[in-house]
Amino acid sequence: MKSNLTRRDFLGSAVGVAAGLSSPGLGFSKAPAKPAAGAGLAILGGSPVRTKPFPSWPVIEQNDEKGWMQVLMTGKWNRLDGHFAREFETTWARMLGARYGLATASGTTALLTSANALGIGPGDEVIVPPYTFVATVNIVLMQHALPVFVDTDPETFQIDARKIEAAITPRTRCIIPVHLGGSAADLDTILDVARRHNLSVIEDACQAHLAEWRHKKVSTLGNLGCFSFQASKNLNSGEGGAILTNDEGLYEYCLSFHNQGRGRYNSGFGYVRNGANFRMTEFQGALLLQQLTRLEAQSRVRTENAVYLTKLLREIPGISPARMYDGCTRNAYHLYMFHYDSAHFAGLPRSRFLKALSAEGVPASGGYIPLNKEPFLKEALSSRAFRAIYSAREQAEYEERNHCPENDKLCERAVWFTQTMFLGARSDMDQIAEAIRKIQKQAGALARSQA
Ligand SMILES: Cc1ncc(COP(=O)(O)O)c(C=O)c1O
């Protein structure tokens, strides 16, 4: 491994090395004078393209420790006693251009609170993408409403907004577009359909911190927008969430609901509605305020690297990076997503491509499975509560509508890189592309092997 690094250093930039490997067919470059880096595939015993880990996450500096200790030493750890969660939610709302912000315990509780604020309940239908984290769907089921899946636009990995109108019935109440991976769903089309059909929109921006649609921050364009600050997210406090809205009534409802249904200035025993405890702690609030000081700079680095990687990957046959809609003026790159076409890799199945990539020092995942086909959905629909609300005929009709063929195909071809891989040097991107090209060149040999 050591000699591999030395050779790469000697050869100069990793782009040059990769270029030497890019001629078609098996084996090495046609230029024999130039030794190929990590000539054999690492999965077959060769040297990996990359031995250095990608940047670690989260970034922890002195200011984080100071913020955390401040809360610790005050002894005011609950937001009803302190001011850090309050300061975070107002800062976050101001930064993103929303009138109201409410910190929550998680992205899931932000979504659940929003669904409650809109009065989504039994008998309602809510339009959701099948290509998302399960929380988007779970919160609909928790309201005893039906999640109606609209197929994915395979080019962008987002909900196919052109197919939403056909999925609307007299029961439809709400659309939950997810700005998946930090790119934006087609909000022009979604907001237009919602307006014409009098539907509410909850933007699931849990992966889209600072992402924009036509230069406005996503989460501020629908009725409510929700964030997650769970450990993997681009803004992280271990767990945490937030709701943004411009609607005072919805804000008041969310504030009350997430605090056991208390009235606004009441931390005692007076309740105006039913609710729950979905409050953020002061520790989370203080940490987020400190993590926030780096978010803009980190986001810029991610974007620069991701844009550069896209250029490199577009040159590789069989690799198609996710397209962004024209209206998406800023991508948060929480996930970097692309299609893998095994036909250009000697028929090598995706699972083996992922393993080979990982062996080259480039961790990658196959991403989501089709949520609309998952057993949890059948389980929920066959529960006593759902059977009491939806007749057997209604459930059968629902089953009949529940098909997302584009999404099914996408789930078999998708590959993801995570946001932390984009926080380092541009040469990291060169190595990612180099690893993919290396696998492509030797895909035949790998396909024939047992590895
Ligand atoms: C798209 C999406 N929605 C909702 C959530 C739920 O957020 P949390 O894990 O903070 O509850 C997540 C988090 O992974 C997410 O990615």
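Every number for a ligand or one of its atoms is a count from 1 in the order of the listing.
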Relative to ligand 1, is Leu111 under 4.0 angstrom through side chain, backbone, both or neither, heavy atoms considered? side chain
Provide the number and element of each atom of ligand 1 under 4.0 Å from a heavy atom of Val178. 1 (C)
Those atoms of ligand 1 less than 4.0 Å from some heavy atom in Thr108: 6 (C), 7 (O), 8 (P), 11 (O)
Nearest non-hydrogen contact to atom 14 (O) of ligand 1 from the set Lys233, Glu239, Gln230 belongs to Lys233
Got the closest protein heavy atom to atom 4 (C) of ligand 1, with its distance? Cys206 SG, 3.5 Å
Ligand-side contact atoms (ligand 1) for residue partner Ala135, heavy atom cut-off under 4.0 Å: 4 (C), 5 (C), 6 (C)
Pair Arg426-Asn305, side chain to side chain donor-acceptor pair (under 3.5 Å): steps then yes or no: CA-CA 6 Å; Arg426 175 177 270 224; Asn305 278 326; 5.4 Å; no
Report, in ascending order of atom number, the atoms of ligand 1 lying under 4.0 Å from any heavy atom of Gly107. 7 (O), 8 (P), 10 (O), 11 (O)
Protein contact to atom 3 (N) of ligand 1 [nearest heavy atom, distance to 0.1 Å]: Asp204 OD2, 2.8 Å
Report the relative orientation of the aromatic rings in Phe353 and Phe338; use parallel for angles under 30°, tilted for 30 to 60°, perpendicular for over 60°. perpendicular
Classify the angle between the aromatic ring planes of Trp416 and Tyr368 as parallel (below 30°), tilted (30 to 60°) or perpendicular (above 60°). perpendicular
Minimum-distance protein heavy atom relative to atom 12 (C) of ligand 1: Phe133 CD2, 3.5 Å
Lys163, NZ atom: more than 12 neighbouring heavy atoms under 6.0 Å: yes
Tell me whether the centres of the aromatic rings in Tyr131 and Phe149 are closer together than 6.0 Å. no
What is the closest protein heavy atom to atom 16 (O) of ligand 1, and at what distance does it sit? Gln207 NE2, 2.9 Å
Sole residue of Asn63, Asn234, Asp64 in side-chain hydrogen bond (donor to acceptor under 3.5 Å, both in side chains) with Gln291: Asp64
Answer with side chain, backbone, both or neither: which part of Thr132 has a heavy atom less than 4.0 angstrom from an atom of ligand 1? side chain
With heavy-atom distances below 4.0 Å as the criterion, list the atoms of ligand 1 near Thr136. 3 (N)
Counting only heavy atoms not in Asn277, do more than 12 fall under 6.0 Å of its CG? yes
Determine, stepwise, if the pair Met337 / Phe417 fulfils side chain to side chain contact (heavy atoms under 4.5 Å, CB included). CA-CA 7 Å; Met337 307 177 288; Phe417 298 137; over 6 Å; no
Below 4.0 angstrom from a heavy atom of Ser106, which ligand 1 atoms are there? Numbered from 1 as shown, please. 10 (O), 11 (O)
Please check if the distance between the ring centroids of His339 and Phe157 is under 6.0 Å. yes
